[in-house]
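For reference, the structure discussed in these notes is given below.
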Amino acid sequence: MTTVLHIGSAFIYSNARAKTLPRPKPACTTVATMTSHNDNSTTVPRRSANYQPSLWDHHHLLSLENQYAKDKSMRERDLLKEKVRKMFDDEKKTYLEKLEFIDDVERLGISYHFQAEIDNILLSSYQKDRVNVKECDLHATALEFRLFRQHGFNVSEDIFDVFMANSEKFESGTDINAFISLYEASYLSTKLDSKLQKFIRPFAKQKLRDFLDNNGSSNRDFGSCNAGEMVVQALDMPYHWGMRRLATRRYINVYGKKHNKNLLLVELAKTDFNIVQAVHQEEVKYVSSWDVNRLDELPEYMRLCFLVVYNEVNSIGCDVLRKKNINVIPFLKKSWTDVCKAYLIEAMWYKRGHKPNLEEYMQNAWISISSPTIFIHFYCVFSDQISLQVLETLSQHQQNVVRCSSSVFRLANDLATSPDELARGDVHKSIQCYMNETGASEEKARSHVREMINDMWDEMNYEKMAHNTSLLSHDFMETMINLARMSLCMYQYGDGHGSPEKAKIVDRVKSLLFNPIPLD
């Protein structure tokens, strides 16, 4: 069975052993060296962002030891996996209970162990007349809709017509569970949908806000956990837009409070999370180590950057050539050339005082954010089979899902960082471009940028549903969508890169990488 690889998800670790990872030896290595020249050229001062030193001390990282990076934990997890696997065949479960079980497994971060079982249930249900979902059950309908669209099935938004036509019927009698499900489902909208964003999402959002206003401080049950907590999490970041591993950490805590929780699921989720965290720690140790003992031998930062990039690209290319018999180095080099050209365009704009309009800015900015470069490297390294046709379309920036994901990354970054960047002297960002172009206030410009992010998500959702006609695999599309999720997480409360302590990123990193979940 092919291992599925996702950025920021546990898929990449499905067969991983949590042990110290040795530094890989490339099949061939091309080393670039640069000779220092003592000339009298004038030093040009470079504007600096004055970023603070990393909070993650290298020696501290190397000292980390994780008790879950042991064979015993792996064996315990494997035993739990097989027990949970049998639960997918429980014929006593109703259709709704099966959907809820799948949703719990996915939210708990363990679905990558049971992908075949989940796919079989959903495919079988999609091909049938789903008579078990009653028209009066808004929760079941919304949950089914979200799960189907998450897995690439084409489901019409019209299934909600019966509820919206009788909205007064659901105003008072419907459980908050249903409105949470409806709200979450609305974020699976595509560019072809006219109701999900315009009517259904505002309706569901208002119901959630009303609930918090009227019951937020009470302890009303949501499966015997605080309903207010579930509503707050949904409004803070919808599940479909959220960073998966962070959402998993949160949901494990929430699910563990339910009186009807499945204890095997809880135990597997906690054990698996801690094992994946142990693997992450070993990767962080490796990343933190580009041979730090030799840094003093190298000259200024640009030389170091060039050497690292040059050598790593050639090392990756040699490794791919040896394993997959295709030369990807020209494509990798072009991706770096393109992003550097995008940087130069921004530098020329700044130097000349040019103020681009929003369209001109975005045509360059979705490349300068660097994610197209990231994606082509990911595709070359992690794809089981490499297609020259896919490489060409990625290299020529012809894939719409790449543009959309990169645009979300750029726009989320702009919303959080543009004031600081402008203060130190930088090219205008999307917000300022829109203000200059239209005369809008900053508040309206920010609102417009958020609408652009919504539109990009609709495009990505559409591309994912149409993956059967795309050159890109479903899993590679999910990788690109995951980068958009990561960017929303990074910049949700401010500049998570430049000022991580002010943007809740420090706590999030600790929860994902350093603080295991207690098993008792």
Side-chain angles (χ1 to χ4, degrees), residues 146 149 157 160 164 182-209 234-243 355-369 371 399-419 421-422 427-466 480-496 503:
R146 177 169 63 81
R149 282 209 169 182
E157 65 175 349
F160 295 113
M164 301 312 295
L182 184 64
Y183 178 73
E184 295 283 15
S186 74
Y187 281 87
L188 275 295
S189 61
T190 76
K191 63 182 181 180
L192 300 182
D193 297 320
S194 60
K195 306 167 189 173
L196 284 168
Q197 266 205 51
K198 293 182 179 179
F199 304 107
I200 294 176
R201 188 183 302 173
F203 170 78
K205 180 183 288 187
Q206 189 58 52
K207 298 302 294 183
L208 298 188
R209 287 177 173 170
L235 292 175
D236 179 64
M237 181 63 71
Y239 178 72
H240 185 60
W241 284 19
M243 185 177 174
K355 299 178 180 179
N357 60 37
L358 184 56
E359 181 179 359
E360 182 184 11
Y361 169 80
M362 288 303 300
Q363 285 178 348
N364 187 70
W366 74 268
I367 298 175
S368 70
I369 198 65
S371 44
Q399 290 290 349
N400 190 40
V401 68
V402 174
R403 179 187 63 83
C404 293
S405 175
S406 303
S407 296
V408 170
F409 194 174
R410 168 54 71 191
L411 294 170
N413 177 288
D414 287 356
L415 285 171
T417 67
S418 58
E421 291 175 345
L422 289 174
V427 68
H428 281 199
K429 306 299 179 184
S430 53
I431 297 167
Q432 293 75 35
C433 291
Y434 186 77
M435 292 169 66
N436 290 335
E437 184 179 352
T438 66
S441 65
E442 181 176 346
E443 181 181 357
K444 289 185 177 179
R446 286 181 171 274
S447 177
H448 181 76
V449 168
R450 286 189 283 269
E451 289 176 6
M452 291 175 66
I453 290 175
N454 274 322
D455 292 342
M456 292 299 107
W457 272 102
D458 278 359
E459 289 273 356
M460 287 190 290
N461 291 338
Y462 174 81
E463 293 284 338
K464 188 176 178 181
M465 284 177 56
M480 289 181 273
I481 293 173
N482 278 336
L483 188 66
R485 292 175 174 134
M486 181 281 297
S487 66
L488 294 180
C489 173
M490 178 69 71
Y491 299 109
Q492 183 178 6
Y493 297 108
D495 185 359

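S430 places none of its side-chain heavy atoms less than 4.5 Å from the side chain of R410. M237 has its side chain within reach of Q492: a pair of non-hydrogen atoms, C-beta onward, lies under 4.5 Å apart. Between K429 and Y361 there is a side-chain heavy-atom pair separated by less than 4.5 Å. For the pair N400/R403, a side-chain contact is recorded, criterion being any heavy-atom separation below 4.5 Å from C-beta on. Side-chain contact between K195 and F160: absent, with no pair of heavy atoms (C-beta onward) separated by less than 4.5 Å. Residues D414 and Y491 fail the side-chain proximity criterion, which asks for heavy atoms closer than 4.5 Å. The side-chain heavy atoms of L188 and L196, taken from C-beta on, include no pair separated by under 4.5 Å. The shortest distance between side-chain heavy atoms of S407 and M362 falls below 4.5 Å.
Taking OG of S447 as the reference point, atom CD1 of I431 lies at 11.0 Å (rounded to 0.5 Å). Rounding to the nearest 0.5 Å gives a distance of 10.5 Å between SG of C404 and CH2 of W457. The NE2 atom of H448 sits 11.0 Å away from atom CD1 of I453, with the distance rounded to the nearest 0.5 Å. With rounding to the nearest 0.5 Å, the separation of CG in L182 from CE in M164 is 7.0 Å. Here the CD-OG distance, from Q363 to S368, works out to 12.5 Å after rounding to the nearest 0.5 Å. If you take CG on N454 and CE on M452, they are separated by 11.5 Å, rounding to the nearest 0.5 Å.
Shown are Q197, R146, R201; of these, the side-chain contact (heavy atoms from CB on, under 4.5 Å) with Y187 is made only by R201.
Within a 6.0 Å radius of NZ in K355, other residues, nucleotides and ligands contribute 12 heavy atoms or fewer.
Applying the side chain to side chain contact (heavy atoms under 4.5 Å, CB included) criterion to Y462, with sequence neighbours excluded, gives T190, K191, L192. Residues satisfying the side chain to side chain donor-acceptor pair (under 3.5 Å) criterion with E442, sequence neighbours excluded, are R446. Looking at residues two or more places apart in sequence or on another chain, you find a side chain to side chain contact (heavy atoms under 4.5 Å, CB included) between A440 and Y434, T438, K444.
With hydrogens and angles disregarded, a donor-acceptor distance shorter than 3.5 Å links the side chain of S405 to the backbone of M480. Of the possible polar contacts, one joining the N436 side chain to the Q432 backbone as a donor-acceptor pair under 3.5 Å is found.
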- Query: Can V408 and W241 be said to form a side-chain contact (heavy atoms from CB on, under 4.5 Å), step by step?
  - Reply: CA-CA 11 Å; V408 170; W241 284 19; over 6 Å; no
- D458 and S189: CA distance, side-chain angles, deciding distance, side chain to side chain donor-acceptor pair (under 3.5 Å) verdict: CA-CA 6 Å; D458 278 359; S189 61; 2.5 Å; yes
- Message: Using side-chain contact (heavy atoms from CB on, under 4.5 Å), reason through M490 and F409 one step at a time and then give a plain yes or no.
- Response: CA-CA 10 Å; M490 178 69 71; F409 194 174; over 6 Å; no
- Item | Full working for side-chain contact (heavy atoms from CB on, under 4.5 Å) between H240 and N461 | CA-CA 10 Å; H240 185 60; N461 291 338; 2.7 Å; yes
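With salt bridges taken as basic N to acidic carboxylate O contacts below 4.0 Å, one links D193 and R149.
When all heavy atoms of M460 and I481 are compared, the pair lying nearest together is SD-CG1, 4.0 Å. Minimum interatomic distance between M435 and S441 (heavy atoms only, all atoms of both residues): CG-O, 4.0 Å. In this structure, C433 and H428 approach most closely via the heavy-atom pair SG-O, 4.0 Å.
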